[in-house]
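When a ligand or atom number is given, it counts from 1 through the structure's own listing order.
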Amino acid sequence: MYSSSDLREAIEKNQLRVLYQPQMTSDGSRMASVESLVRWEHPVHGLLGPGHFVPLAEKTSLISELGEAVLRQSCIDALRWPQISVGVNVSPLQFRDPAFAEKIEAIVRQSGLPFERLELEIVESSYFDDPDKAEAMLRRLRDLGIRIALDDFGTGYSSLSCLLRLPLDKIKIDRSFVVGVDTIRSASIIHAIIALARAIGLKVTAEGIETEDQQRFLRAAGAHYLQGYLYSAPVPVEMIDHLLKQSDPIRYVA
Ligand code: C2E
Ligand code: MG
Ligand code: MG
């Protein structure tokens, strides 16, 4: 498939694109933030999703470059939308870079985006290599005002120790639980996750909302924010401009 030199070239030639997916308030009426999701505009194969190249980047130091390029672009784009914040995914491998926190701080400062409008989406495995180091880096970023969300919650192995140790503001319930809200098992797990998050003062986003039934369930269960194709697929920056201008609740699927 693709080699790391292809990917390096793609970063250098500016072939990475960032799309944005709205996160809505739980009644579905207002966009509270967007999540930034990277794509590779491949000259031959078209728009490639992260599954095609993020794992490759993670095998090399390219993941730091990729992460920094996406963060830089996301901060610049977010300056267009003073009323909302932006969530940026961080690979667990980026935590191996000792200068990770300093680099993030420098990029955000240089962009002019207020730290409070950035949310970093981390995953549980960020914590595996060196929990003390991960905790210290996140504390430093959070002390600046950057918010921290724990993505894909419940799909890793150390969820509860992450909740105990890491400085967090939000958890994102993985789509794999949302898909099964009509089963007692998934519904019970969702209720338990939301109760736990709320008890320790965290906000909750439910990912992968595709149907009205899922929206109703997650809203009643107490999720603060909802994200999914029901509202919008990930879209280019101009489409977020457009969606923020219209007053009707969003119903746009690319
Ligand atoms: P994620 O951070 O959990 O992002 C959510 C994924 O679910 C996105 O896939 C989004 O397009 C998809 N999604 C959103 N709503 C729905 C829905 O209603 N139904 C379904 N079936 N899917 C939905 P995408 O863009 O392919 O990204 C996949 C993963 O790649 C992300 O999962 C994240 O882990 C990673 N990723 C994306 N961008 C970046 C990045 O800039 N850096 C890093 N390190 N990872 C990234
Ligand atoms: Mg994410
Ligand atoms: Mg996720």
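Considering each of Lys172, Glu121, Arg175, the one bringing a non-hydrogen atom nearest atom 20 (C) of ligand 1 is Arg175. When the heavy atoms of Tyr231, Phe53, Tyr229 are ranked by distance to atom 18 (O) of ligand 1, first place goes to Tyr229.
Ion pair Arg140/Glu105 flagged as a salt bridge, since at least one NZ, NE, NH1 or NH2 atom sits closer than 4.0 Å to an Asp/Glu carboxylate oxygen. With salt bridges taken as basic N to acidic carboxylate O contacts below 4.0 Å, one links Arg165 and Asp132.
Ligand 1 is never approached by Gly49 to a heavy-atom distance shorter than 4.0 Å. Heavy atoms of Glu35 come nearer than 4.0 angstrom to ligand 1 in at least one pair. The shortest heavy-atom distance from Gln227 to ligand 1 is not under 4.0 Å. Proximity of Gly208 to ligand 1 is established by a heavy-atom distance of less than 4.0 Å.
Applying the 4.0 Å criterion to heavy atoms of Glu210 picks out, from ligand 1, the atoms 17 (C), 18 (O), 19 (N), 20 (C), 21 (N). With ligand atoms numbered from 1 in the order given, ligand 1 contributes 38 (N), 39 (C), 40 (C), 41 (O) to contacts under 4.0 Å with heavy atoms of Val38. Distances below 4.0 Å separate heavy atoms of Val70 from the following atoms of ligand 1: 41 (O). Counting the atoms of ligand 1 from 1 in the order shown, those under 4.0 Å from a heavy atom of Glu207 are 3 (O), 5 (C).
With a 4.0 Å cut-off on non-hydrogen atoms, Pro50 touches ligand 1 through its side chain and not its backbone. Within the 4.0 Å heavy-atom criterion, the part of Arg39 lying near ligand 1 is the side chain and not the backbone. Counting heavy atoms under 4.0 Å from ligand 1, residue Ile209 touches it through the backbone alone. At a heavy-atom distance under 4.0 Å, only side-chain atoms of Asp152, from C-beta outward, approach ligand 1. Only the side chain of Gln21 comes within 4.0 Å of ligand 1, counting heavy atoms alone; its backbone N, CA, C and O stay farther away.
Here the N, O or S atom of Glu35 that is nearest to the Mg ion (ligand 2) is OE2.
The backbone N or O of Leu62 lies less than 3.5 Å from no partner atom in the side chain of Arg8, so there is not a single donor-acceptor pair. Remark: the backbone N or O of Asp27 is not paired with any side-chain donor or acceptor of Arg30 at under 3.5 angstrom.
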Starting from the C-alpha separation in whole Å, work towards a yes-or-no answer on side-chain contact (heavy atoms from CB on, under 4.5 Å) for Phe217 and His191.
CA-CA 10 Å; Phe217 179 90; His191 277 302; 3.6 Å; yes

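Within the 4.0 angstrom cut-off, atom 6 (C) of ligand 1 has no protein heavy-atom neighbours. For atom 42 (N) of ligand 1, the nearest protein heavy atom lies closer than 4.0 Å. Inside a 4.0 Å radius of atom 9 (O) of ligand 1 there is not any protein heavy atom.
Near the Mg ion (ligand 3), less than 2.8 Å away, sit the protein N, O or S atoms Asp151 OD1, Asp152 OD1, Glu207 OE1, Glu207 OE2.
When Trp40, Phe53, Tyr2 are each tested for a ring-ring contact (aromatic ring centres under 6.0 Å, His included) with His45, only one passes: Tyr2.
Under the ring pair (Phe, Tyr, Trp, His ring centres under 6.0 Å) criterion, His52 pairs with no residue at all, not counting sequence neighbours.
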